[in-house]
Amino acid sequence: MAIEVGTKAPEFELKDNHGRTVRLSDFRGEKNVVLLFYPFAFTGVCTGELRELRDDLQAFVNDDTALLAVSNDSIHTLRVFGDQEGLEFPLLSDFWPHGAASRAYGVFDEEKGCAVRGTFVIDKEGVVRWTVVNALSDARDPRDYVKALEAL
């Protein structure tokens with residue numbers, strides 16, 4: 001069960017596709033965060049979703065907002081994926097301990113060994129203000145994230 005709106009967002013510390021450490025607390029007091037969990041790099045629905053975000057990046061990466069995309073892939077896989085797709089936002093690896101961040105947010109599918117499509121809009125104080133969770137095969141609509149950010 002995914003964490004609910006109004007909940008303090010669980011802290012995490014993950015490596016990005018360039019090997020840099022990223023913590024949710026790095027953004028506290030500074031930026032709202034769109035935290036997007038996706039199953040795997042290089043898969044059709046995931047690639048499509050991340051391309052949509054790339055193509056409208058100014059809505060998600062600006063003075064007020066940061067976009068963090070998390071999968072259970074290794075940082076090496078994410079580096080190649082990010083470079084190939086021209087993704088200029090952090091792709092975070094929840095590879096080891098396998099799925100720790102995904103589990104903390106309640107979006108890890110134990111049977112499949114990956115995160116489902118969970119998105120959390122987190123305000124500058126670290127509180128979850130909006131969320132959506134879709135099945136592995138169901139793409140999300142980034143316009144919903146924009147509306148959630150506008151409501152903050």
Side-chain angles (χ1 to χ4, degrees), residues 1-17 22-24 27 31-62 64-75 77-82 84-152:
M1 183 70 128
I3 61 171
E4 296 179 3
V5 170
T7 304
K8 188 81 166 171
E11 178 60 32
F12 58 79
E13 180 176 308
L14 299 170
K15 295 283 186 187
D16 74 4
N17 48 315
V22 177
R23 294 171 197 82
L24 181 60
F27 302 94
K31 292 188 175 202
N32 301 307
V33 175
V34 175
L35 180 63
L36 175 108
F37 289 89
Y38 64 100
F40 295 112
F42 298 106
T43 58
V45 176
C46 296
T47 300
E49 284 186 318
L50 295 176
R51 283 177 181 164
E52 280 189 72
L53 296 170
R54 174 199 66 199
D55 294 345
D56 194 18
L57 197 57
Q58 72 281 356
F60 307 105
V61 178
N62 53 55
D64 258 355
T65 307
L67 171 63
L68 304 174
V70 182
S71 79
N72 303 116
D73 295 298
S74 72
I75 62 171
T77 299
L78 294 176
R79 176 66 184 259
V80 173
F81 181 57
Q84 177 181 305
E85 294 299 328
L87 303 175
E88 297 181 12
F89 48 88
L91 303 178
L92 305 180
S93 174
D94 193 17
F95 185 72
W96 199 258
H98 190 68
S102 307
R103 284 184 178 93
Y105 282 80
V107 294
F108 189 77
D109 184 323
E110 295 288 342
E111 188 176 301
K112 302 240 186 314
C114 65
V116 295
R117 296 182 195 289
T119 306
F120 303 87
V121 172
I122 302 165
D123 70 15
K124 294 177 183 177
E125 302 310 311
V127 176
V128 175
R129 295 296 175 194
W130 182 88
T131 185
V132 66
V133 178
N134 287 14
L136 291 175
S137 60
D138 295 334
R140 296 160 283 196
D141 186 344
R143 292 174 297 197
D144 292 339
Y145 315 160
V146 173
K147 289 177 191 169
L149 288 166
E150 288 171 350
L152 294 180

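Pairing each heavy atom of R117 with each of C46, the nearest pair is NH1-SG, 3.3 Å. Here the shortest heavy-atom pairing between A69 and L50 reads CB-CD2, 4.1 Å. Across every non-hydrogen atom of A2 and V107, the tightest pair is CB-CG1, 4.2 Å. Of all heavy-atom pairs between F108 and G113, the closest is CZ-C, 3.5 Å. The minimum heavy-atom distance between P90 and L68, with the atom names listed, is CG-CD2, 3.8 Å. Closest heavy-atom contact between A148 and V121: CB-CG2, 4.0 Å.
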*Kindly determine whether V22 and F27 satisfy side chain to side chain contact (heavy atoms under 4.5 Å, CB included), including the steps that lead there.*
CA-CA 9 Å; V22 177; F27 302 94; 4.0 Å; yes
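If you take CG on D144 and OG1 on T131, they are separated by 11.5 Å, rounding to the nearest 0.5 Å. Note that the CG atom of D73 and the CG atom of L78 stand 5.0 Å from one another [nearest 0.5 Å]. Taking CD1 of I122 as the reference point, atom NZ of K8 lies at 10.0 Å (rounded to 0.5 Å). Atom-to-atom distance recorded for L57:CG and L67:CG is 7.0 Å, nearest 0.5 angstrom.
Residues satisfying the side-chain hydrogen bond (donor to acceptor under 3.5 Å, both in side chains) criterion with T77, sequence neighbours excluded, are S74. Taking the side-chain contact (heavy atoms from CB on, under 4.5 Å) definition, one finds that V146 meets it with A59, F60, E150, sequence neighbours left out.
For residues 128-137, the set of pairs meeting the salt bridge (charged side-chain N to carboxylate O under 4.0 Å, His left out) definition, not counting sequence neighbours, comprises D123-R129. Contacts classified as side-chain hydrogen bond (donor to acceptor under 3.5 Å, both in side chains) and involving residues 88-99 (residues at least two apart or in different chains) are given here: N72-D94, D94-S102.
The shortest side-chain heavy-atom distance between V70 and Y105 does not fall under the 4.5 Å cut-off. Looking only at side-chain heavy atoms (C-beta outward), E49 and P142 stay at 4.5 Å or farther from each other. Taking 4.5 Å as the limit, every side-chain heavy atom of W130 sits out of range of all side-chain heavy atoms of L149.
Between the side chain of R54 and the backbone N or O of E85 there is at least one donor-acceptor pair closer than 3.5 Å.
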Side chains of residues 32-43: which donor-acceptor partners sit under 3.5 Å, not counting sequence neighbours?
from : atom 1 : to   : atom 2 : distance (Å)
N32  : OD1    : K124 : N      : 3.1
T43  : OG1    : F40  : O      : 2.9

Side-chain polar contacts of residues 10-17 - donor-acceptor pairs under 3.5 angstrom, sequence neighbours left out - could you list them?
from : atom 1 : to  : atom 2 : distance (Å)
E11  : OE1    : S25 : N      : 3.0
E11  : OE2    : L24 : N      : 3.3
E11  : OE2    : S25 : N      : 3.3
E11  : OE2    : S25 : OG     : 3.3
E13  : OE1    : R23 : NE     : 3.1
K15  : NZ     : T21 : OG1    : 2.9
D16  : OD1    : H18 : N      : 2.7
D16  : OD1    : G19 : N      : 3.0
D16  : OD1    : R20 : N      : 2.9
D16  : OD2    : R20 : NE     : 3.0
D16  : OD2    : R20 : NH2    : 3.1
N17  : OD1    : L91 : N      : 3.1

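In Q58, the CD atom is crowded: over 12 heavy atoms of neighbouring residues, nucleotides or ligands sit closer than 6.0 Å.
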